[in-house]
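Heavy-atom basis, side chains included; hydrogens, waters and symmetry copies ignored.
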Amino acid sequence: QVQFTNSGGGLVQAGGSLRLSCAASGRRTFSRYNMGWFRQAPGSEREFVAFIALSSGHTQYTDSVQGRFTVSWDNANNTVYLQMNSLKAEDSAVYYCAAGLLPSPDRAYYDYWGQGTQVSVSS
């Protein structure tokens, strides 16, 4: 069982930055895993934001955040980060980290989920 401890999130003005983090536990190593970030706005489906494949370092982003968000992994602390810059009102959502064995933007391939953290961007 993989578990996550969230931190970060909050309220920020448009154009500002936030960093989300999820500390993972429950495995001796996470090298086989892929760590994803998803978000869900009220009344909307949970959507893919970014993932990082820990075996290769390969990253992928949804088009709307490309160039503004950066996903990274700290191996010493087993923590996945999402650095969010140039935030827009439409980025407001609950953000979830997740772990799965297949690198994919499809949430169906992620087995373990964090509890979510709210990001609100005021325009």
Side-chain angles (χ1 to χ4, degrees):
Q1 187 83 354
V2 176
Q3 297 174 323
F4 290 104
T5 302
N6 280 39
S7 63
L11 175 64
V12 65
Q13 288 188 328
S17 298
L18 283 174
R19 188 176 79 160
L20 308 182
S21 63
C22 277
S25 60
R27 291 287 187 273
R28 291 178 61 186
T29 176
F30 292 91
S31 59
R32 295 173 59 222
Y33 283 89
N34 305 282
M35 297 295 179
W37 287 96
F38 294 79
R39 64 186 180 187
Q40 188 168 18
S44 299
E45 295 281 323
R46 190 171 300 187
E47 66 174 4
F48 168 73
V49 176
F51 76 72
I52 181 167
L54 300 190
S55 61
S56 64
H58 172 71
T59 58
Q60 183 174 329
Y61 300 89
T62 193
D63 287 346
S64 63
V65 308
Q66 182 77 46
R68 298 188 297 123
F69 290 12
T70 302
V71 59
S72 61
W73 171 256
D74 179 351
N75 203 48
N77 295 298
N78 290 336
T79 299
V80 59
Y81 297 98
L82 185 68
Q83 177 67 43
M84 305 184 293
N85 299 328
S86 302
L87 282 160
K88 305 175 182 179
E90 52 264 42
D91 295 318
S92 297
V94 177
Y95 283 70
Y96 298 88
C97 58
L101 293 176
L102 189 70
S104 172
D106 187 340
R107 64 180 187 265
Y109 290 101
Y110 291 82
D111 302 305
Y112 305 102
W113 292 82
Q115 74 270 27
T117 186
Q118 178 70 48
V119 171
S120 299
V121 184
S122 63
S123 57

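- The two residues F48 and Y61 make their nearest non-hydrogen contact at CE2-C, 3.8 Å.
- The distance from the CZ atom of R68 to the CE atom of M84 is 9.5 Å, given to the nearest 0.5 Å.
- When all heavy atoms of A89 and S123 are compared, the pair lying nearest together is CB-CB, 4.1 Å.
- Note on ring orientation: taking the six-membered ring where Trp is involved, the planes of W113 and Y96 are perpendicular (angle over 60°, cut-offs 30° and 60°).
- The line from CD of Q60 to OG of S104 is 8.0 Å long, rounded to the nearest 0.5 Å.
- If you chain together hydrophobic residues whose side chains sit under 4.5 Å apart, Y81 and Y95 never meet in one group.
- Rounding to the nearest 0.5 Å gives a distance of 11.0 Å between CD of Q118 and CD of Q40.
- At a threshold of 4.5 Å between side-chain heavy atoms, the hydrophobic network of Ile, Leu, Val, Met, Phe, Trp and Tyr places V65 and M35 in one connected group.
- When atom types are taken as modelled, the side chain of T79 and the backbone of N77 share a donor-acceptor pair closer than 3.5 angstrom.
- The two residues P103 and F51 come nearest to each other via the heavy atoms CB-CE1, 3.6 Å.
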*Are Y33 and I52 close enough, and set up right, to give a side chain to side chain contact (heavy atoms under 4.5 Å, CB included), and what steps lead you there?*
CA-CA 9 Å; Y33 283 89; I52 181 167; over 6 Å; no
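- A distance of 11.5 Å separates OG1 in T5 from CG in N78, rounded to the nearest 0.5 Å.
- The distance from atom CH2 of W37 to atom CG of L82, rounded to the nearest 0.5 Å, is 6.0 Å.
- For an aromatic pair to be called close, the ring centres must be under 6.0 Å apart, and Y110 with F38 satisfies this.
- Under a 3.5 Å cut-off, the side chain of R107 and the backbone N or O of R46 do form a donor-acceptor pair.
- Rounding to the nearest 0.5 Å places CG of N75 at 8.0 Å from OG of S31.
- Within 6.0 Å of the OH atom in Y112, the count of heavy atoms belonging to other residues, nucleotides or ligands exceeds 12.
- Minimum heavy-atom separation, L101 to R32: CD2-O, 3.7 Å.
- Here the closest heavy-atom approach between residue C97 and residue V80 is recorded as CB-CG1, 4.4 Å.
- Shown here for L54 and N34, the closest heavy-atom pair between the two residues is N-OD1, 4.2 Å.
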Which side-chain N or O atoms in residues 6-26 pair as donor and acceptor under 3.5 Å with protein atoms at least two apart or in another chain?
from : atom 1 : to  : atom 2 : distance (Å)
S7   : OG     : S21 : OG     : 2.4
S17  : OG     : N85 : OD1    : 2.9

